[in-house]
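As the structure lists them, so they are numbered: ligands from 1, and atoms in each ligand from 1. Each residue takes its place number in the sequence, starting with 1.
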Amino acid sequence: MPDTHALGILGGTFDPIHFGHLRLAQEVADALSLSEVRFIPGGTPPHRAAPHSSAQHRVAMVRLAIEDNPLFVLDERETRRDGPSYTFDTLAALRAELGAAQPLVLIMGADAFTAFNRWHRWRDIFALAHIAVAHRPGAALMQINDTALQQAFLQRRTDNGEAVHRAPAGCVIEVPITALDISATAIRGLLQARRSARYLMPPAVLEYIEHNYLF
Ligand code: ATP
């Protein structure tokens, strides 16, 4: 068994980053003994409307949110590219940099995994990384409607956290995390309504939002 510790990857729009993202990263890292979690803010998202805030602001908010956690690393590769950034391409680039043996764990909420079959080259992603699916309020895994995704999930699922260190890619593992029903959409709604968004994100992120008149 290779003694390479698995590295976590958390992609997102982070518009803005909030405690839901941070607990997701921390709890999955703890549950699976990940050596680090890379936060990768997306450029132009292929599956959804353009983010409200610029890439520069979203990156700055992630930097502030994670700066006191030695386990967390900011990776700006997607916002530095022009055009859409597909997770497949990002993982292929990481794989090329880190080598064939390095276990990679793509972290996502259950809401993201239920739509995973709509991602660019989703089947090929299983050859590049494991997937850790965290339970999030309102998005049970039972809601997988796509037969091909359901089949892939059933074939690849494991309950054994060790499995993500034993192979570089290919498993799907469910990780129960503290349910925090926080979303960036709801936070933007609060701020647009001039209501407080305190205690939903790190104070430094909220200060940055206020200072830069975001949302
Ligand atoms: P929006 O409300 O704009 O859709 P979001 O809050 O869902 O944003 P994203 O940047 O789209 O945030 O999410 C990135 C990843 O983090 C996704 O995999 C998503 O499932 C996960 N995630 C976001 N919020 C939570 C949360 N509260 N609990 C668990 N996972 C979360």
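- Residue contact check: Gly12 has heavy atoms under 4.0 Å from atoms 10 (O), 14 (C) of ligand 1.
- Remark: ligand 1 atoms within the under-4.0 Å shell around heavy atoms of Met108 are 18 (O).
- In summary, the atoms of ligand 1 found under 4.0 Å from a heavy atom of Ser183, numbered by their order in the structure, are 2 (O), 6 (O).
- Note on ligand 1: Ile182 sits in its first shell, one or more heavy atoms being nearer than 4.0 Å.
- In terms of polar-atom proximity, defined here as any N/O pair under 3.5 Å, Asp181 makes no such contact with ligand 1.
- Those atoms of ligand 1 that come under 4.0 Å of a heavy atom in Thr185, given as number and element, are 1 (P), 2 (O), 3 (O), 4 (O).
- Leu180 has its side chain out of reach of His18: every pair of non-hydrogen atoms, C-beta onward, lies at least 4.5 Å apart.
- For Glu36, the side chain to side chain contact (heavy atoms under 4.5 Å, CB included) partners are Leu7, Arg38, Val73, not counting sequence neighbours.
- Not a single heavy atom of His135 lies less than 4.0 angstrom from ligand 1.
- At a threshold of 4.5 Å between non-hydrogen side-chain atoms, the residues Leu214 and Pro16 do not count as touching.
- Classified by interplanar angle (parallel below 30°, tilted 30° to 60°, perpendicular above 60°), the ring pair His165/His5 is tilted.
- Proximity to Phe14 (heavy-atom distance under 4.0 Å) selects the following atoms of ligand 1: 10 (O).
- With a heavy-atom cut-off of 4.0 Å, Leu24 touches ligand 1 through its side chain alone.
- Of all atoms in ligand 1, listed by their number and element, those nearer than 4.0 Å to a heavy atom of Asp111 are 19 (C), 20 (O).
- Asp89 pairs by the salt bridge (charged side-chain N to carboxylate O under 4.0 Å, His left out) definition with nothing, not counting sequence neighbours.
- The pair Glu78-Arg58 fails the salt-bridge criterion, with no side-chain N (NZ, NE, NH1 or NH2) lying under 4.0 Å from an Asp/Glu carboxylate O.
- Close contacts between ligand 1 and Leu180 involve ligand atoms 26 (C), 27 (N), 28 (N) [criterion: under 4.0 Å to a heavy atom].
- Ligand 1 has Gly11 within reach: a non-hydrogen atom of the residue lies less than 4.0 Å from it.
- Residue contacts with ligand 1, taken as heavy atom pairs separated by less than 4.0 Å, do not involve Arg23 at all.
- Using cut-offs of 30° and 60° on the angle between ring planes, the pair Phe126 and Trp122 is perpendicular.
- Side-chain atoms of His130 come within 3.5 Å of backbone atoms of Cys171 as a donor-acceptor pair (strictly under, hydrogens ignored).
- Side-chain contact check for His52 versus His57: every heavy-atom pair is 4.5 Å or farther apart.
- Near Ala184, with a cut-off below 4.0 Å to any heavy atom, the atoms of ligand 1 are 1 (P), 2 (O), 3 (O), 5 (P), 6 (O), 8 (O).
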